[in-house]
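Owing to the predicted nature of the structure, the values given are computational and were not obtained by experimental measurement. Every chain is numbered from 1, with letters handed out A, B, ... down the list of sequences.
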Amino acid sequence: MAMAMAIEVSIWRGRANGRYQTFTVPLDQSQTVLDVVTWVQRKLDPTLAYRFACRVGMCGSCAMTVNGRPRWTCRTHISKVVEAGRVEIGPLANMPIIKDLVCDMAEFFAKWQRAKGAFAPGKSRHDPIERISPAAAERVAADAAIECINCAVCYAACDTVRWNENYLGPAALNRAWTLVNDVRDAGQRERLAALAADGGCHACHSHHSCQEHCPKALSPVRSIAGLKRRSLEAYVRGEL
Amino acid sequence: MNVRLYLLQRATAAIMVPLVLGHLAVIYYATRGGLTAADILARTRGSIGWGAFYGLFVLAAAIHGAIGVRTIASEWAGLRGGKLDLLMWSFGLTLAALGLRAMAAVLLP
């Protein structure tokens, strides 16, 4: 049943020196914030730039700032965020704005590389396949952090990222924690050295914004605490 | 902040927990117990125990504070590189000098 109501939607236009532009959008049942942005782009202004892909909370493309809070827009019902008939939608913070709701995520992903967020193989196809018990402590720790969809909501919510451009950020560190717990990985020393350097896991102030905002209910701050512990142990043992 | 600074700051914090409590207890005892300046100096001058207690305290506070100021200056004032390290060392050495000077005043005969 369609509702006859409409809301005022303020959407960021332009680059860093842009401004909010207000549109009137009719409300619909089960309408998401992404639906609202899509409606504006298709019905009112085809020049509006924004990103999305899967629309079901898997791809991590559609995160935006909704009423000042970073959110995944495809899984956020507009009815939950409308305040007094209005909603404000902007690009994610802590990244340069390319246009409208699209921000430049190059640095965000470059930091995944700097955090050694890629699996480092140590065996060939001739070696037997490693058996990992689902109940192993390392596997359980990795499981708790593995469902990240790279949406950058935590990165946009993080105070330390805002204050320190060298900080790798919660997403990259959370990813690194899953690999630190991968017993098959052959690049642990280099990874821990990268994570223990300036701008690495020890820059985290444990503000918990990443955990508070993560749409997948992950706890990057717990992963980072694990990295702090693991790299500290390695440093004390003289391995770093 | 890297792992070395992190370890130094956490370790000095751990060292200072009992020292701060001891320091507060000393303040309370010295002021509430009715000790005169002469009484206090009689106990502290030449004392290896008080020298070790406050020597450790001063050095731990200087290291801990300097690393904290480094982080604040980096994150809130945008200081980077050599200037940041210069600030950390200057602040730490100043704190240590002030603390050791205060110690000398009550410890040296």
K.L.:
So with a 6.0 Å cut-off around CD1 of A:Ile129, is the heavy-atom count from everything else above 12?
P.N.:
no

K.L.:
CH2/A:Trp163 to OG1/B:Thr71 distance, rounded to the nearest 0.5 angstrom?
P.N.:
11.0 Å

K.L.:
So which part of B:Arg80 gets closer than 4.5 Å to some heavy atom of chain A, the side chain, the backbone, both or neither?
P.N.:
side chain

K.L.:
When you look at CZ of B:Arg101, are more than 12 heavy atoms from neighbouring residues, nucleotides or ligands closer to it than 6.0 Å?
P.N.:
no

K.L.:
I'd like to know whether CG of B:Leu21 has more than 12 heavy-atom contacts from other residues, nucleotides or ligands below 6.0 angstrom.
P.N.:
yes

K.L.:
Counting only heavy atoms not in B:Tyr29 (residues, nucleotides, ligands), do more than 12 fall under 6.0 Å from its OH?
P.N.:
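No, the 6.0 Å shell around OH holds no more than 12 heavy atoms from other groups.
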
K.L.:
To the nearest 0.5 angstrom, please state how far the CE atom of B:Met1 sits from the NZ atom of A:Lys228.
P.N.:
8.5 Å

K.L.:
As an exercise, state the distance from CG of B:Asn2 to CG of A:Leu195, rounded to the nearest 0.5 Å.
P.N.:
13.0 Å

K.L.:
Do B:Arg10 and A:Leu232 touch side chain to side chain, with heavy atoms closer than 4.5 Å?
P.N.:
no

K.L.:
Between the main-chain N or O of B:Glu75 and the side-chain N or O of A:Asn164, is there a donor-acceptor pair closer than 3.5 Å?
P.N.:
no

K.L.:
Measure the spacing between SG of A:Cys201 and OH of B:Tyr6 and express it to the nearest 0.5 Å.
P.N.:
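Here the interatomic distance stands at 8.0 Å.
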
K.L.:
Should we say atom CZ of A:Arg114 is surrounded by more than 12 heavy atoms from elsewhere, each under 6.0 Å from it?
P.N.:
yes

K.L.:
Give a yes or no on whether A:Arg162 atom CZ has more than 12 heavy-atom contacts from other residues, nucleotides or ligands under 6.0 Å away.
P.N.:
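Check passes, neighbour count above 12.
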
